[in-house]
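Counting starts at 1 for both ligands and their atoms, in listed order. Every heavy atom of this structure was used, including side-chain atoms; hydrogens, water molecules and symmetry mates were not. Residue numbers run from 1 in the order of the sequence given.
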Amino acid sequence: MSNQAIKSIGVLTSGGDAQGMNAAIRAVVRSAIRLGAEVYAIYEGYQGMVSGGNYIRRMMWDSVGGILQQGGTIIGTARCAEFRTREGRRRAAKNLILNGIDALVIIGGDGSLTGANIIREEWPSLLSELVENGEISSSDAARYPRLSLVGLVGSIDNDMFGTDMTIGADSALHRITEAIDALGSTAASHQRTFVVEVMGRHCGYLALMSAIATGANWVFIPENPPESDNWEEELCETLLTGRGRGRRQSTVIVAEGACDRHGQPITSEYVRQVLEDRLKSEGEDIRTTILGHVQRGGAPSAFDRNLSTILGHAAVHSLFSEAQETEPQVIGIRENDVIRSPLMHCVEKTHSVAEMIEKQQYAEAMRLRGGSFADSVQILNTLMRASAHRNHADHKQLRIAVMHCGAPAPGMNTAVRAAVRLALDEGHTVLGVQNGFTGLIKGDVIEMDWMSVSGWVGRGGAELGTNRHVPEVDQLDAIAAGLDQYDVQALLLIGGWSGYEAAYRLLNHRDAYSAFNIPIICLPASINNNLPGSEYSIGADTALNDIVNYVDKIKQSAVAVRRCFVVEFMGRYCGYLAVMSGLATGAEHVYIHENGLTLKDLSRNIGDLIKRFELNERLGLIIRNEEVDRFYTTEFICSLFEKEGGDLFDVRQAVLGHVQQGGNPSPFDRIQATRMAARCIEYLQQTTDAASQPAVCIGLQSGRLMFTDLAEMPNLVDWQYQRPKSQWWLNRTAIAFEMSIRPSVD
Ligand code: ADP
């Protein structure tokens, strides 16, 4: 804490609102209080800064209670023309000084951050003018020689440099995906085509990712206009071919800012007109839905709550640690780490993509968006087709078996769909093994075709069937026979811990069975997020969101009574779901097996809880991972707290069972399942000529898709507790605690 000079921090939200802004405000306020600073909310964005008075209010610990799950921003946001003038900024500076504020956390888009940088640069001269005009004293001016500034990007469009994800983008994707899923069922009933317009004036992120997540049939984005000038014809042909092949619904997604190669806007209305003119005679019924502000609405997703909390916390710490002369920074997330980047550099890079689009330099715009954006466009181009390519002379064609092993995880179907279509497109044969290794032994194997996975993109469960059966050594003969019988040349295993264990067993018996000498790839799918080689497994994000929604409801049920909830989650010995949902719901304590649980912990926590309820708190929330401790069961903890709490509060338990394994996959799980499956097929194809056959698992590591040798498993995992030896999210427990336990109690 070198920057002792900071007096008070002001926080404001500005520009378009975004879900998760409240979580960021909460984190800023509570982190500042913890560091001993005063913190003020500046209401209604820059308008509040210019108007002052009651627009600038001191925030206390409780001012931000209960807002984590609320969409929008409780301190309001506005667009303010006055702040664009020097006169307006001078008034704003005066109001900051009157409140003793000399550090700002701005949560907004590029416009808001630019505005903040301008007042920061003008600060000394604005203060001189205020002194000259007699509006502040020279000693006031001397007391606040500089304005410190840090920015967080709140924008549903995910359109800003300096962060892989902006606050609100994931929630917006949830809204869009829910809406298109809902349209899908009505579209399928009537065999309709829906044209859906989504937000994104200069950025196609929401359109592109929602197209992947919903299995849309065409997407228009600003950065990548249709190649051909005859796109209208191609679009109609694709939709008609799909219909001819039995597709019951068609969806075309249009980003607000979509254009053609000549910079002419492609609006949703124009697309509807094109389809109406050319396809009505074919019996097509075309409807348009403009999603509009729904995309900004609703509760923030678990990801947005956690992202905002971590970034808000980091922003305040950055203000305190910043060397005084450094330029202002944007705090963002990159490759799963919090990063700081020069604010104006981020703004300039953001503008340069818009300029590239304006100048019709689309390849450059795509390059600036980064590799995974371009990869996603490529994957989508294949998945959107109605059938596979025909010409594959350039590579060997394989017989690839796809199967599950492990508990069901939302997103398994999405991964199978992508793997099947992308493999078929390359000319491979795909065999779907039903019900895991037991199915393989029994011969439950079917050949998959393009339409056999139709509608699977957002379907929960596992259509191929899955179970936790890890083949015993004496079953390996039968498994080898099964693989031989179907002439399987590569195996893609989409599953959880049991799947990894099974694959490892096959690898270790390669000497005895030539059938196992084929490329084997595991794709992580488990709500527990306990698999090696990947920071995320498919299904964990869905489970997390389901848990968070459930806990939100539990919390609401405690309106009339003072109550402490002890909520038990799945996750086996891995505390991921417990820690991340604790962070996203504001739980006071999270009990996980990794950290253990002692009587001393329980006794300290009950003491905290009593103090908090004495201070008039209405709600307590304790999260307990199912396997944390064999003796300190959920029931035991409830009894203990009930007894000790006396008349102060009552205690209720809630145990979340298998609902966590159900539900339709979240957008993130669908996108990652698709990307991982795509990379697996590509990998299989590249390694067909390798001297020794690979046995690997794919995973996200620092945001990138990487392969890890399965032979490494003993070094990477704790076999007894079925989890990786090193888990990146463990340090999030400390932030969760800092955010939910008031300093007077801890
Ligand atoms: P976003 O922050 O979402 O990009 P805007 O571009 O509308 O949204 O900016 C929000 C507010 O930030 C504006 O209404 C204005 O008050 C302030 N602002 C934006 N650009 C500037 C600028 N160049 N100079 C001063 N203030 C600005």
* Asked: If you measure only the distance, is there a donor-acceptor pair under 3.5 Å linking the side chains of Asp159 and His202?
  -> no

* To do: Using distance alone, decide if ligand 1 has a nitrogen or oxygen within less than 3.5 Å of any nitrogen or oxygen in Ile118.
  => no

* Asked: Do Gly111 and ligand 1 have an N or O pair less than 3.5 Å apart?
  -> yes

* Heavy-atom distances under 4.0 Å are what count here, so tell me which part of Asp110 touches ligand 1: side chain, backbone, both or neither. => both

* Element-labelled atoms of ligand 1 that are located less than 4.0 Å from some non-hydrogen atom of Gly16 -> 3 (O)

* Asked: Does the pair Arg143/Asp102 count as a salt bridge with the N-to-O cut at 4.0 Å?
  -> no

* Any chance CZ of Arg704 has more than 12 other-residue heavy atoms, nucleotides or ligands included, within less than 6.0 Å? -> no

* Structure fact -> If we number the atoms of ligand 1 from 1 as shown, the ones under 4.0 Å from a heavy atom of Gly109 are 1 (P), 2 (O), 3 (O), 4 (O)

* **Pair Tyr536 and Trp728, ring centroids less than 6.0 Å apart** => yes

* Asked: Trp231 and Phe220: aromatic ring centres closer than 6.0 Å?
  -> yes

* **Proximal candidate to atom 8 (O) of ligand 1 [heavy atom criterion; set Ala92, Gly154, Gly15]** => Gly15

* **Those residues that, when tested against Gln360, pass side chain to side chain contact (heavy atoms under 4.5 Å, CB included) (two or more places apart)** => Tyr362

* Asked: Taking NZ, NE, NH1 and NH2 as the nitrogens, is one of them in Arg670 or Asp181 under 4.0 Å from a carboxylate oxygen of the other?
  -> yes

* Asked: Considering distance alone, does some N or O of Arg79 sit under 3.5 Å from an N or O of ligand 1?
  -> yes

* To do: Would you kindly specify which portion of Tyr46 sits under 4.0 Å from ligand 1, judged on non-hydrogen atoms: side chain, backbone, both or neither?
  => side chain

* **Pair Asn545-Ser666, side-chain donor/acceptor within less than 3.5 Å** => no

* Asked: Between Cys80, Ala18, Gly115, which one has a non-hydrogen atom sitting closest to atom 15 (C) of ligand 1?
  -> Cys80

Could you pull out every donor-acceptor pair under 3.5 Å between side chains of residues 372-380 and any protein atom, sequence neighbours left out?
| from | atom 1 | to | atom 2 | distance (Å) |
| --- | --- | --- | --- | --- |
| Ser376 | OG | Ser372 | O | 2.7 |

* Would you mind checking which non-hydrogen protein atom is closest to atom 10 (C) of ligand 1, with the distance to 0.1 Å? => Ser112 OG, 3.4 Å

* Has Ser155 got any heavy atom lying under 4.0 angstrom from an atom of ligand 1? -> no

* Taking atom 11 (C) of ligand 1 as the reference point, the nearest protein heavy atom with its distance -> Ser14 OG, 3.6 Å

* Structure fact -> min-distance protein heavy atom vs atom 21 (C) of ligand 1 -> Arg84 NH1, 3.6 Å

